[in-house]
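So the structure is just underneath, and the comments pick up after that.
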There are 2 protein chains.
Amino acid sequence: MPTHKRKLFNNIDLGGGHRMTPQRQIVYEVLMSSRDHPTATEVFIRVQERMPSISLATVYNCLDTLAVAGIVKQVNVDREPSRYCGNLAPHAHFHCETCATVMDVDLKGGEEPSKLLKLPRGAKIQKVEVEVRGQCPECARKEKQKDNL
Amino acid sequence: MPTHKRKLFNNIDLGGGHRMTPQRQIVYEVLMSSRDHPTATEVFIRVQERMPSISLATVYNCLDTLAVAGIVKQVNVDREPSRYCGNLAPHAHFHCETCATVMDVDLKGGEEPSKLLKLPRGAKIQKVEVEVRGQCPECARKEKQKDNL
DNA sequence: ATATTATTTAGAATAGTTCTTGATAAAAAT
DNA sequence: ATTTTTATCAAGAACTATTCTAAATAATAT
């Protein structure tokens, strides 16, 4: 039989008694369909297209909840605005200083980043972040062209 | 002949026409004698002991100038206040979430961190930062002891 | 000496993020 | 089913690390 008053969200538990609400669902979907590591404000703008009533504070709350639940990652490069990432596989982030994009970079051997370090005996690792700043191939090429004129 | 009116600072050029001023000298000395990766405010407090008239803005300026000159490093872990480090050798930073200290960690093989990455062909690297969050051995031990009671 | 440039300082301004509050809604308990 | 509890949302205020502004000072170049 057709459900004429279906609930719009599923009752997924995110841990710690957190629910998968419509707002969290849309924030999550927007992030998973983004490849550019958007900031909270950028996520906010994209979510607004589908849910105009949502507030920026809620987007911050949702992103934080999803990150604590471990289904998205918060990415920080220097002290720039935090960016968010749906790629849970271990990887590094390359930040182009010219075009300001952030892209995923794989680690050699596909290894756990913690294996790259001489960690003190007994240390407990929660997360390892590898960040690269520089110029992406495209911007480096453009600059070289300009210099050769 | 003895100089009876000696200048208190040397006229070192930091590049880009920047001078080694008394403030910058003291900020630099304080940082080099610190092993705990102090924040700008912590540097400010330590510098004040030797130069009470210095302002926090100047400490920020000095740290920035020294970092641009390449003789100190700015260290960021997540979006916490920036910390500063006089160790110019390539290394990672371990941040203990329990006691909030930041310590240096060597990379395996003493390698350049950029060699650990599958960087896209043509990318230009400016810097690579490796940050670890977790619990230092001491705090991990203490917590284990507590659990065993 | 004078002009130029860099530096310092105090405080104002900025920006990303978090917090507060009251309202709403879902879940649990009765 | 009603009540109670707990979680969530929204708007805006508050917070905080940092940067900016403007005026004064000091060092270098002319």
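Just so it is clear: chains get the letters A, B, ... in the order the sequence lines come, proteins before strands, and each one is counted from 1. Only heavy atoms go into these numbers, but all of them, side chains included; no hydrogens, no water, no symmetry mates.
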Query raised in the report: Across the strands shown, which category fits E80(A) at heavy-atom distances under 4.0 angstrom: base, sugar-phosphate, nothing?
Result: nothing
Query raised in the report: Between H95(B) and H93(B), does the ring centre distance come in under 6.0 Å?
Result: no
**Report entry** Rounded distance in Å - CD (Q25(B)) to P (dT7(C))
**Finding:** 14 Å
Query raised in the report: What nucleotide among dT9(C), dT28(D), dC19(C) has an atom nearest to a side-chain atom of A57(A)?
Result: dC19(C)
Requested in this report: Look at the side-chain N and O atoms of T21(A) and state whether any lies under 4.0 Å from the OP1 or OP2 oxygen of dA25(C).
Outcome: no
Query raised in the report: R19(B) has a side chain; which of dT5(C), dA27(C), dA10(D) sits nearest to it?
Result: dT5(C)
Query raised in the report: Taking the side chain of H18(B) as heavy atoms from C-beta outward, which of dA6(C), dT17(C), dA11(D) is closest to it?
Result: dA6(C)
Query - Distance, rounded to the nearest Å, where Q23(A) contributes CD and dT8(D) contributes C1' - result: 8 Å
Query raised in the report: Starting at CG of L63(A) and ending at C1' of dC9(D), how long is that distance when rounded to a whole Å?
Result: 15 Å
Query raised in the report: Between dC9(D), dT17(C), dA11(D), which nucleotide has the shortest distance from any of its atoms to the side chain of P81(A)?
Result: dT17(C)
Report task. Select base, sugar-phosphate, or nothing to describe what T39(B) touches, counting heavy atoms under 4.0 Å on all strands. Result -> nothing
Query raised in the report: Nearest to the side chain of A40(A), which nucleotide is it out of dT7(C), dT8(D), dT17(C)?
Result: dT17(C)
Requested in this report: Check whether any side-chain nitrogen or oxygen of R79(B) sits under 4.0 Å from OP1 or OP2 of dA17(D), and answer yes or no.
Outcome: no
Query - The single option from R24(B), R46(B), R50(B) passing side-chain hydrogen bond (donor to acceptor under 3.5 Å, both in side chains) against E29(B) - result: R50(B)
Report summary line: From the candidates dA11(D), dT19(D), dT8(C), the one with an atom nearest any side-chain atom of Y60(B) is dT19(D)
Requested in this report: Mind calculating the distance between CE (M20(B)) and P (dT7(C)) to the nearest angstrom?
Outcome: 11 Å
Report task. Consider only side-chain N and O atoms of Q135(B) and E97(B), and report whether a donor and an acceptor are under 3.5 Å apart. Result -> no
**Report entry** Qualifying residue, where the test is salt bridge (charged side-chain N to carboxylate O under 4.0 Å, His left out) with R83(A) and the options are E131(A), E129(A), E42(A)
**Finding:** E42(A)
Requested in this report: Report yes if a side-chain nitrogen or oxygen of S55(A) is closer than 4.0 Å to either non-bridging phosphate oxygen (OP1 or OP2) of dA10(D); otherwise report no.
Outcome: yes
Query - Spacing of N76(A) atom CG relative to dT18(D) atom P, expressed in whole Å - result: 13 Å
Requested in this report: Indicate, with a heavy-atom threshold strictly under 4.0 Å, whether N61(B) touches base, sugar-phosphate, or nothing.
Outcome: base
**Report entry** Atom-pair distance (CZ on F44(A); P on dT17(C)), nearest Å
**Finding:** 14 Å
**Report entry** Euclidean distance, atom CD of residue Q48(B) to atom C1' of dA10(C) [Å, nearest integer]
**Finding:** 14 Å
Requested in this report: Just do the side-chain contact (heavy atoms from CB on, under 4.5 Å) check on D104(B) and H37(B) with the steps written out, would you?
Outcome: CA-CA 9 Å; D104(B) 289 352; H37(B) 304 79; 2.6 Å; yes
Query - Which nucleotide in dT18(D), dT9(C), dT7(C) has an atom nearest any side-chain atom of S53(B) - result: dT9(C)
Report task. Tell me what T41(A) touches on the nucleic acid: a base, only sugar-phosphate, or nothing, going by heavy atoms under 4.0 Å. Result -> nothing
Query raised in the report: With no hydrogens and no angle check, is any side-chain donor or acceptor of Q25(A) less than 3.5 Å from a backbone partner on P22(A)?
Result: no
Query raised in the report: When you measure from the side chain of I54(A), which nucleotide among dG11(C), dT17(C), dA10(D) comes out closest?
Result: dA10(D)
Requested in this report: Would you kindly give the CG-to-P distance between L56(B) and dT8(C), to the nearest whole Å?
Outcome: 14 Å
